[in-house]
There are 2 protein chains.
Amino acid sequence: MLHLVSRTDPAWLPRAASHLDEVLLDHAHCEKKAAGAAIKLLFAYPHHRFLQEPLAELAREELEHFQQVLAILDARGVKYQTIRPSPYGMALHAEVRRDEPDRLLDLLCISALIEARSCERFQLLADGLADEDDDARRLYSSLLASEARHHGVYLSLACALVGRDAAEARLAEMARHEAEVVAAPCDRVRLHAG
Amino acid sequence: MLHLVSRTDPAWLPRAASHLDEVLLDHAHCEKKAAGAAIKLLFAYPHHRFLQEPLAELAREELEHFQQVLAILDARGVKYQTIRPSPYGMALHAEVRRDEPDRLLDLLCISALIEARSCERFQLLADGLADEDDDARRLYSSLLASEARHHGVYLSLACALVGRDAAEARLAEMARHEAEVVAAPCDRVRLHAG
């Protein structure tokens with residue numbers, strides 16, 4: 001699915017469902033970080049004209065999702081506060097190469113994979129949450145399509161950068177790493193953790 | 001006007017009008033920086049719940065304006081690229097105090113003043129650009145109201161942080177500094193330069 005090379009362990013959903021407030025809080029920070037990452041690319045690569053509108057548009061959507069998650073946290077009486085993230089993002093970024101265009105290609109592939117994994121997990125939540133969590137279930141249903149679309153945006157930017165073959169080859173390589181990282185045991189229940 | 005303590009020197013408009021492509025390019029970067037500044041506050045102050053939605057909303061609007069300016073640059077055949085900024089932003093930030101809540105108050109006041117100055121100058125451009133620059137003239141007309149609104153958002157966040165009296169006192173102090181900084185002679189024609 002969306003270039004992922006693994007499916008989420010079936011044990012994840014019941015853990016997530018029973019720690020849903022924590023998952024939603026983690027999710028709020030993930031949306032904020034997704035917007036931040038897109039805007040960081042706008043600042044780092046002003047000479048890549050083709051990145052500008054797609055990433056500005058994408059960042060706007062991530063911010064809108066951030067606001068939607070905040071509204072659900074409020075409705076559930078969950079205080080928005082910092083939360084220790086999963087090691088996922090840092091582990092993926094450890095693989096980013098230093099020279100250009102490798103560096104940008106890797107960053108685009110990482111974002112594509114994060115969007116893909118979010119999409120896969122949102123589907124699990126949309127299908128598997130209980131009736132009493134209908135607010136969150138509807139949220140995850142409604143966000144699925146954007147995550148899949150954002151995956152496509154990042155992939156198409158990677159293709160524009162280095163051509164389709166090189167982009168897909170690197171994405172496949174990083175997808176194997178992503179599958180290991182996301183499955184690593186983690187003491188916290190997070191959107192992107194085992 | 002909007003807590004500014006000076007009006008733009010009448011010599012600025014003819015200079016800006018005759019270097020409009022450069023002003024538009026500077027403007028694109030300003031919108032991007034405005035979004036970046038708002039998002040930076042989201043990351044720096046997650047414990048200030050009251051900042052989250054207003055700044056996420058504001059950042060989305062700045063990104064939309066960024067896209068609008070890019071479209072006009074494209075239509076005019078101006079290449080989007082980096083441009084040496086005016087000393088304005090850095091000069092304003094040099095006054096930011098180190099301890100909290102002073103630091104955040106100062107950052108909110110600076111953003112309020114930048115929005116106010118943008119609003120004042122957009123009005124000059126909307127009224128004073130030639131018919132042949134109708135695309136830019138219409139852009140500046142359309143952005144005026146948001147800049148005034150964003151000024152109000154930042155001011156109301158400053159009031160929420162430290163109370164109305166303290167917020168307005170610091171804003172007045174920084175507005176005097178802003179008036180000096182924006183009037184300082186500059187060899188470049190910029191949205192926020194003399």
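Heavy atoms only: backbone and side chains are in, while hydrogens, waters and symmetry mates are out. Only a predicted model underlies this, so the values are computations on that prediction, with no experimental measurement involved.
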Undergrad: Between chain B and each of K40(A), E57(A), H47(A), count heavy-atom pairs under 4.5 Å; write down the option with the most.
TA: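 Looking at each of K40(A), E57(A), H47(A) in turn, E57(A) comes out on top.
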Undergrad: Transitively linked via ILVMFWY side-chain contacts under 4.5 Å: L2(A) with L191(A)?
TA: no
Undergrad: Considering only heavy atoms from C-beta outward, does the side chain of E53(A) approach that of D74(B) to under 4.5 Å?
TA: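 Yes, their side chains come closer than 4.5 Å.
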Undergrad: Would you say K33(B) has more than 12 foreign heavy atoms packed within less than 6.0 Å of its NZ?
TA: yes
Undergrad: Measuring heavy-atom distances to chain A, does F66(B) have an atom under 4.5 Å in its side chain, in its backbone, in both, or in neither?
TA: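 Answer is side chain: those atoms of F66(B) sit under 4.5 Å from chain A.
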Undergrad: Taking atom CZ of R76(A) as the centre, does the number of heavy atoms from other residues, nucleotides or ligands within less than 6.0 Å exceed 12?
TA: yes
Undergrad: Where do T82(B) and P46(A) come nearest, in terms of heavy atoms and distance?
TA: CG2-CG, 3.4 Å
Undergrad: Please look at L42(B) and chain A and tell me whether the side chain, the backbone, both or neither of the residue comes under 4.5 angstrom of a heavy atom of that chain.
TA: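 Its backbone and side chain both get close to chain A.
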Undergrad: Restricting to non-hydrogen atoms, name the atom on A56(B) and the atom on L63(A) that form the minimum distance, rounded to 0.1 Å.
TA: O-CD1, 4.0 Å
Undergrad: Could you grab the distance from atom CD of Q81(B) to atom CZ of R49(A), nearest 0.5 Å is fine?
TA: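 Here the interatomic distance stands at 11.5 Å.
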Undergrad: Indicate the atoms forming the closest heavy-atom contact of F43(B) with K32(A), along with that distance.
TA: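 Smallest interatomic distance, heavy atoms only, reads CZ-O, 3.4 Å.
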Undergrad: Using the rule that two of Ile, Leu, Val, Met, Phe, Trp, Tyr join whenever any of their side-chain heavy atoms come within less than 4.5 Å, decide whether V5(A) and L113(A) are in one cluster.
TA: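 No, V5(A) does not connect to L113(A) through the hydrophobic network.
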Undergrad: Name the region of E64(B), side chain, backbone, both or neither, that has any atom closer than 4.5 Å to a heavy atom of chain A.
TA: both
Undergrad: Is it true that, when you exclude R149(B) itself, more than 12 heavy atoms of the residues, nucleotides or ligands shown sit nearer than 6.0 Å to its CZ?
TA: yes
Undergrad: Given a strict heavy-atom distance threshold of 4.5 Å, which part of E62(B) is in contact with chain A: side chain, backbone, both, or neither?
TA: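 The answer is neither part of E62(B).
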Undergrad: Within a radius of less than 6.0 Å around CZ of R97(A), do more than 12 heavy atoms belonging to other residues, nucleotides or ligands occur?
TA: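 Enclosed.
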Undergrad: Is atom CG of D165(A) surrounded by more than 12 heavy atoms (other residues, nucleotides or ligands) closer than 6.0 Å?
TA: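 Counting other residues, nucleotides and ligands, CG of D165(A) stays at 12 neighbours or fewer.
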Undergrad: Would you mind checking which part of E61(A) comes under 4.5 Å of any heavy atom in chain B, side chain (CB onward), backbone (N, CA, C, O), both or neither?
TA: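 For E61(A), there is no contact with chain B at all, as no heavy atom is under 4.5 Å.
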